Amino acid sequence: MATLEAAKTWSTSVPDRERLIRAAFEAKEYAYCKYSNFRVGAALLSADGTIIKGANVENASYGGTICAERTAIVKAVSEGIKAFVALAVVTDVPSPISPCGICRQVLREFCALNMPVLLVPANYDALAAEGRPGGGVLVSSIEELLPHSFGPEHLELARRS
């Protein structure tokens with residue numbers, strides 16, 4: 001992972017990147033996290049420029065909880081959107097936080113391996129105002145977050161009988 005986008009990861013324009021980060025912060029405001037008190041906001045940028053926001057939604061039956069990243073994916077797919085070019089994730093923690101394992105696998109289902117994932121610190125605005133490059137955003141990719149992953153294309157591989 002690198003603080004600046006790696007050559008093997010798609011790049012996003014500065015305006016799209018900023019729109020995506022702002023949308024993730026907006027999504028975080030709607031987090032329902034009365035058990036963990038850990039708010040997460042995610043924003044997906046679709047291939048047509050649409051931004052789909054998601055927040056974590058917890059449940060008293062903890063297994064019923066859904067993360068912000070999966071909320072955004074489910075919202076998008078249920079509306080027919082299945083092509084994405086970037087994702088931003090933000091929490092209230094002043095360091096970049098990565099999606100959990102199940103979110104990484106769900107993202108792998110619908111996103112290209114080299115799609116950028118922007119892991120945004122909660123103090124992004126302050127870091128940007130101080131002149132920190134990229135506002136402290138850690139840019140990763142699906143492939144970096146889930147190396148040696150299993151995806152839909154593997155179901156098409158020939159099998160031994």
Side-chain angles (χ1 to χ4, degrees), residues 1-28 30-33 36 38-59 61-91 93 95-121 134 137-161:
M1 290 187 236
T3 54
L4 298 176
E5 295 177 63
K8 65 181 180 179
T9 302
W10 297 343
S11 63
T12 53
S13 70
V14 172
D16 278 345
R17 176 185 163 117
E18 192 61 26
R19 278 189 329 125
L20 196 58
I21 289 170
R22 293 286 159 229
F25 275 104
E26 290 170 10
K28 184 181 69 162
Y30 296 103
Y32 177 79
C33 54
S36 72
F38 195 85
R39 298 185 310 162
V40 182
L44 274 167
L45 179 61
S46 72
D48 72 1
T50 303
I51 291 181
I52 304 94
K53 297 184 278 189
N56 55 320
V57 180
E58 295 181 348
N59 190 283
S61 170
Y62 296 143
T65 293
I66 186 166
C67 301
E69 300 89 337
R70 285 184 288 142
T71 298
I73 285 280
V74 168
K75 284 174 63 177
V77 172
S78 68
E79 295 297 323
I81 301 169
K82 296 179 191 163
F84 308 103
V85 296
L87 169 72
V89 179
V90 66
T91 69
V93 176
S95 61
I97 301 291
S98 179
C100 75
I102 194 167
C103 286
R104 293 175 189 203
Q105 185 63 48
V106 171
L107 290 166
R108 169 64 170 90
E109 182 76 16
F110 295 100
C111 304
L113 290 172
N114 59 348
M115 186 188 87
V117 178
L118 312 176
L119 305 175
V120 184
V137 173
L138 180 64
V139 180
S140 190
S141 68
I142 301 299
E143 186 169 34
E144 289 174 326
L145 292 174
L146 193 61
H148 311 291
S149 64
F150 176 79
E153 71 278 8
H154 293 109
L155 296 174
E156 302 304 319
L157 296 176
R159 295 176 177 88
R160 292 170 63 166
S161 47

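Just so we're clear, the structure is a prediction, and the values are computed from it rather than from any experiment.
Among pairs with a residue in residues 72-89, none fulfils side chain to side chain donor-acceptor pair (under 3.5 Å), at least two apart in sequence or across chains.
Separation of atoms CD1 (Ile142) and OG (Ser140) is listed at 8.0 Å; rounding is to 0.5 Å. Note that CZ of Phe25 and NZ of Lys53 are 13.5 Å apart. Values are rounded to the nearest 0.5 Å. Distance CG/Leu44 to CE/Met115: 6.0 Å, rounded to 0.5 Å. Residue Leu118 holds its CG atom at 7.5 Å from CG of Leu87, rounded to the nearest 0.5 Å. Taking CZ of Phe84 as the start and CG of Asp48 as the end, the distance is 10.0 Å to the nearest 0.5 Å. Rounding to the nearest 0.5 Å gives a distance of 10.0 Å between CD1 of Ile73 and CD1 of Ile66.
Residues Pro99 and Leu119 have side chains in contact (heavy-atom distance under 4.5 Å, counting atoms from C-beta outward). Residues Asn56 and Thr65 fail the side-chain proximity criterion, which asks for heavy atoms closer than 4.5 Å. Taking the side chain as every heavy atom from C-beta outward, Leu155 and Phe150 approach each other to under 4.5 Å. Between Gln105 and Leu146 the shortest side-chain heavy-atom distance falls below 4.5 Å. Counting heavy atoms from C-beta outward, Cys100 and Cys67 have side chains that approach closer than 4.5 Å.
Among all heavy-atom pairs drawn from Leu20 and Leu45, the shortest one is CD1-N, 3.6 Å. Of all the heavy atoms in Ala88 and Ala24, the pair that sits closest is O-CB, 3.8 Å. Arg39 and Cys33 get closest at one heavy-atom pair: CG-SG, 3.4 Å. Of all the heavy atoms in Ala27 and Ala42, the pair that sits closest is CB-O, 3.7 Å. Nearest heavy atoms, Ala43 versus Ala23: CB-CB, 3.7 Å.
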Exercise for review: Dump the intermediate steps for salt bridge (charged side-chain N to carboxylate O under 4.0 Å, His left out) on Arg22 and Glu26, then the final yes or no.
Suggested key: CA-CA 6 Å; Arg22 293 286 159 229; Glu26 290 170 10; over 6 Å; no
Review point. Under the side-chain contact (heavy atoms from CB on, under 4.5 Å) criterion, do Val40 and Val89 qualify, and how do the steps go?
Key: CA-CA 7 Å; Val40 182; Val89 179; 3.9 Å; yes
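Formation of a donor-acceptor pair under 3.5 Å by the Glu69 side chain with backbone atoms of Leu107 is not found in this model. Not one N or O on the side chain of Arg70 forms a donor-acceptor pair closer than 3.5 Å with the backbone of Ile102. Using modelled atom types, one side-chain atom of Ser46 and one backbone atom of Thr50 make a donor-acceptor pair closer than 3.5 Å.
The number of heavy atoms from other shown groups lying within 6.0 Å of OH (Tyr30) does not exceed 12.
The pair Arg108-Glu153 counts as a salt bridge, with a side-chain nitrogen and a carboxylate oxygen less than 4.0 angstrom apart.
Tested against Val117 for a side chain to side chain contact (heavy atoms under 4.5 Å, CB included), the candidates Leu145, Leu138, Val139 yield a single pass: Leu145.
Judged purely by distance below 3.5 Å, without hydrogens or angles, the side chains of Ser149 and Arg104 never pair a donor atom with an acceptor atom.
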